[in-house]
Amino acid sequence: MNTSSNPVKRLVIKIGSALITDNGFEIAVDAIHDWARQIAKVRQQEKQVLLVSSGAIACGMQRLGWEKRPREVRELQACAAIGQMGLAQIYQEAFVRHGLDTAQILLTHDDLADRKRYLNARSTLNTLLSLGVIPIINENDTVVTDEIRFGDNDTLGALVANATEADVLLILTDQPGLYSADPRKHPDAELIREAVAGDAALEAMAGGVGSAIGTGGMLTKVLAAKRAARSGAHTVIASGREADVILRVACGESVGTRLIAKTEPLAAKKQWLADHLQTAGQLYLDEGACRALKAGKSLLPIGVISVIGDFERGAAVACIGADGREVARGLANYNGFESRRIARHPSQEIESLLGYVADSEMIHRDNLILID
């Protein structure tokens, strides 16, 4: 994985239950501390890291002395509630040794499917990263039901990679990577070093179930790679027990299985905004704002002449120039009512007009594309 032309700047790391709990026997505290050491070194390279950690239910099982994963939802939720406390404490102790703060983020898949909650989650994650904090993300198993039965943190890792526009999704497992067949049944199975994310042949190779502790298997990892590729993120599936695996992947070394995203991040976002979203409103801009957008800058409220539409925060809106033509399209940081209130005003007046400030821009340049 050569990153000389495409360096890894933001990395989402997903760690499975089998690794967190040392295959269900006890919490792998030493391993957690070693991963924290590696992540601290990655941070010293001015790279950002988000950690998606499984293991809350497994940790709760271990604390309760249960050897088999319960099947009743109420027992699963109880395990998650107990285990989440223990995991958060262990992670905090591991990272504080390296002068790093951590933050616990509990999500459901619905949080990243609902537009408002998705934007709130993304904003929180990006803010934590800007503060140098390591977000430690897990599924909120204490309050969800369908996610416990059918969800998996491989998918959650991919959703986080999409939301934060990560360069790489690193899925750490108890296997060296993806094999051409189940190596437990086929000794001649070969490790796949590199393939294209979304290749249908990979799903056939990855069929099977997970461990007795976790809910996923290689199939969920392959499908997660397919999802992560939609925002241009490559996926690496590797053994969490491999020496310095996080450091090596962050530095571009080939480890485990690399599943390549066909689409570059910018192209993926442009296609999403330009082709797959119907605009919910229109922002009419002055000539200065149009020039700013064409120069690669964000859209500020002062450059908006008028606002049409009753849209929600995060909706796709069209930016219309003086000639009536659409010059750009983007995701609004304020809803229609709020946008009308702050239009034609400088950003420093947003708080006095609305009573709060979500963002200083009407549309951030990262969420805006020009229309040719």
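The cluster map of Ile, Leu, Val, Met, Phe, Trp and Tyr, joined by side-chain heavy atoms under 4.5 Å apart, puts Val29 and Ile136 in the same cluster. Under the 4.5 Å side-chain heavy-atom criterion for grouping Ile, Leu, Val, Met, Phe, Trp and Tyr, Ile260 is not connected to Leu191 through any hydrophobic cluster. Under the 4.5 Å side-chain heavy-atom criterion for Ile, Leu, Val, Met, Phe, Trp and Tyr, Leu247 and Val8 are members of the same hydrophobic cluster. Criterion: ILVMFWY side-chain heavy atoms under 4.5 Å apart, direct or through other members. Under it, Leu129 and Val160 are part of a common hydrophobic cluster. Ile320 is not connected to Met362 by any chain of hydrophobic side-chain contacts under 4.5 Å among Ile, Leu, Val, Met, Phe, Trp and Tyr, and they are in different clusters.
Residue Trp35 forms a side-chain contact (heavy atoms from CB on, under 4.5 Å) with just one option from Asp30, Ile13, Leu19, and that option is Leu19. When each of Ile20, Ile27, Ile90, Leu64 is checked for a side-chain contact (heavy atoms from CB on, under 4.5 Å) with Cys59, only Ile27 meets the rule.
The side chain to side chain donor-acceptor pair (under 3.5 Å) search around Gln175 returns none, not counting sequence neighbours. In this structure Arg248 satisfies the salt bridge (charged side-chain N to carboxylate O under 4.0 Å, His left out) test together with Glu242, Glu253, sequence neighbours excluded. Residues satisfying the side chain to side chain donor-acceptor pair (under 3.5 Å) test with Glu312, not counting sequence neighbours, are Lys116. Partners of Ser54 under the side chain to side chain donor-acceptor pair (under 3.5 Å) rule, at least two apart in sequence or in another chain, are Asn153. With sequence neighbours excluded, no residue forms a side chain to side chain donor-acceptor pair (under 3.5 Å) with Asp101.
Using a distance-only test at 3.5 Å, with no hydrogens or angles considered, a donor-acceptor pair links the side chain of His364 to the main chain of Asp366. Judged by distance alone, with hydrogens and angles left aside, the side-chain atoms of Asn162 form a donor-acceptor pair with the main-chain N or O of Arg227 at under 3.5 Å. Distance alone, capped at 3.5 Å, places no donor-acceptor pair between the Thr257 side chain and the Gly177 backbone. Judged by distance alone, with hydrogens and angles left aside, the side-chain atoms of Asp199 form a donor-acceptor pair with the main-chain N or O of Ala201 at under 3.5 Å. Lys47 contributes no side-chain N or O that, together with a main-chain N or O of Leu11, makes up a donor-acceptor pair within less than 3.5 Å. In this structure, the side chain of His98 does not engage the main chain of Ala40 through any donor-acceptor pair within 3.5 Å. Between the side chain of Ser123 and the backbone N or O of Asn120, no donor-acceptor pair lies under 3.5 Å. Between the side chain of Ser180 and the main chain of Glu190, a donor-acceptor pair closer than 3.5 Å is present.
Shortest non-hydrogen contact noted between Ala228 and Leu169 is CB-CD2, 4.1 Å. Looking at every heavy atom in both residues, Val327 comes nearest to Cys290 through CG2-SG, 4.3 Å. The minimum heavy-atom distance between Ser17 and Ala58, with the atom names listed, is CB-CB, 4.5 Å. Of all the heavy atoms in Gly314 and Leu331, the pair that sits closest is O-CD2, 3.6 Å. The shortest heavy-atom contact between Ile237 and Lys221 is CD1-CB, 3.8 Å. A pairwise comparison of heavy atoms in Ala289 and Gly303 identifies CB-O, 3.5 Å as the closest pair.
Expressed to the nearest 0.5 Å, how far CD of Glu361 lies from CG of Leu368 amounts to 11.0 Å. With values rounded to the nearest 0.5 angstrom, Ile39 atom CD1 is found 10.5 Å from Arg43 atom CZ. To the nearest 0.5 Å, atom CE of residue Met85 and atom CD of residue Gln104 are 8.5 Å apart. For the atom pair OG of Ser53 and CD1 of Ile32, the computed distance is 6.5 Å after rounding to the nearest 0.5 Å. Separation of atoms CD (Gln84) and CG (Asn140) is listed at 8.0 Å; rounding is to 0.5 Å. Interatomic distance, Leu170 CG to Leu50 CG, rounded to the nearest 0.5 Å: 12.5 Å.
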Problem - Chi angles and distances behind the side chain to side chain contact (heavy atoms under 4.5 Å, CB included) call for Val222, Lys226 - result: CA-CA 6 Å; Val222 167; Lys226 181 179 180 180; 6.0 Å; no
Practice task
Let me see the working for Leu285 and Leu283 under side chain to side chain contact (heavy atoms under 4.5 Å, CB included), right down to the final yes or no.
Solution key: CA-CA 6 Å; Leu285 315 184; Leu283 307 181; 4.1 Å; yes
Handout entry: Chi angles and distances behind the side-chain hydrogen bond (donor to acceptor under 3.5 Å, both in side chains) call for Gln282, Glu326
Key = CA-CA 9 Å; Gln282 297 83 41; Glu326 184 178 5; over 6 Å; no
Practice task
Would you please test Val133 and Thr127 for side chain to side chain contact (heavy atoms under 4.5 Å, CB included) and show each step?
Solution key: CA-CA 9 Å; Val133 176; Thr127 300; over 6 Å; no
Problem - Arg329 vs Val317, side chain to side chain contact (heavy atoms under 4.5 Å, CB included): CA-CA, chis, key distance, verdict - result: CA-CA 6 Å; Arg329 183 173 297 188; Val317 295; over 6 Å; no
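Within the 4.5 Å cutoff, no side-chain heavy atoms of Tyr91 are placed close to those of Ile134. Pro135 is not listed as a side-chain neighbour of Leu51, based on a closest heavy-atom distance of 4.5 Å or more. A 4.5 Å side-chain heavy-atom check between Ile82 and Gln77 finds every atom pair outside the cut-off. Looking at Arg69 and Leu76, their side chains come closer than 4.5 Å, going by heavy atoms from C-beta outward. Two residues are said to be in side-chain contact when any heavy atoms from C-beta on lie closer than 4.5 Å; Ser360 and Gln348 fail this criterion. The closest side-chain heavy-atom distance from Ile171 to Val236 is not below 4.5 Å.
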Result block: side-chain N/O donor-acceptor pairs under 3.5 angstrom for residues 336-346, not counting sequence neighbours:
residue: Glu338; atom: OE1; partner: Asn335; partner atom: N; Å: 3.1
residue: Glu338; atom: OE1; partner: Tyr356; partner atom: OH; Å: 3.3
residue: Glu338; atom: OE2; partner: Tyr356; partner atom: OH; Å: 2.6
residue: Ser339; atom: OG; partner: Tyr334; partner atom: O; Å: 3.3
residue: Ser339; atom: OG; partner: Asn335; partner atom: O; Å: 2.8
residue: Arg340; atom: NH1; partner: Val307; partner atom: O; Å: 3.4
residue: Arg340; atom: NH1; partner: Gly309; partner atom: O; Å: 3.0
residue: Arg340; atom: NH2; partner: Gly309; partner atom: O; Å: 3.4
residue: Arg341; atom: NH2; partner: Leu353; partner atom: O; Å: 2.8
residue: Arg344; atom: NH1; partner: Asp286; partner atom: OD2; Å: 3.1
residue: Arg344; atom: NH1; partner: Ile302; partner atom: O; Å: 3.1
residue: His345; atom: ND1; partner: Glu349; partner atom: OE1; Å: 2.9

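For Glu287, the CD atom counts as loosely surrounded, since its 6.0 Å shell holds 12 or fewer non-hydrogen atoms of other residues, nucleotides or ligands. More than 12 heavy atoms of other shown residues, nucleotides or ligands fall within 6.0 angstrom of atom CD in Glu75. Enclosure of atom CZ in Arg365 is not indicated, since only 12 or fewer non-hydrogen atoms of other residues, nucleotides or ligands lie within 6.0 angstrom.
Residues Asp167 and Arg10 are not paired through a salt bridge, judged by the lack of any N-O separation under 4.0 Å between the basic side chain and the carboxylate. In summary, Arg241 and Asp174 do not engage in a salt bridge, as defined by a charged side-chain N under 4.0 Å from a carboxylate O.
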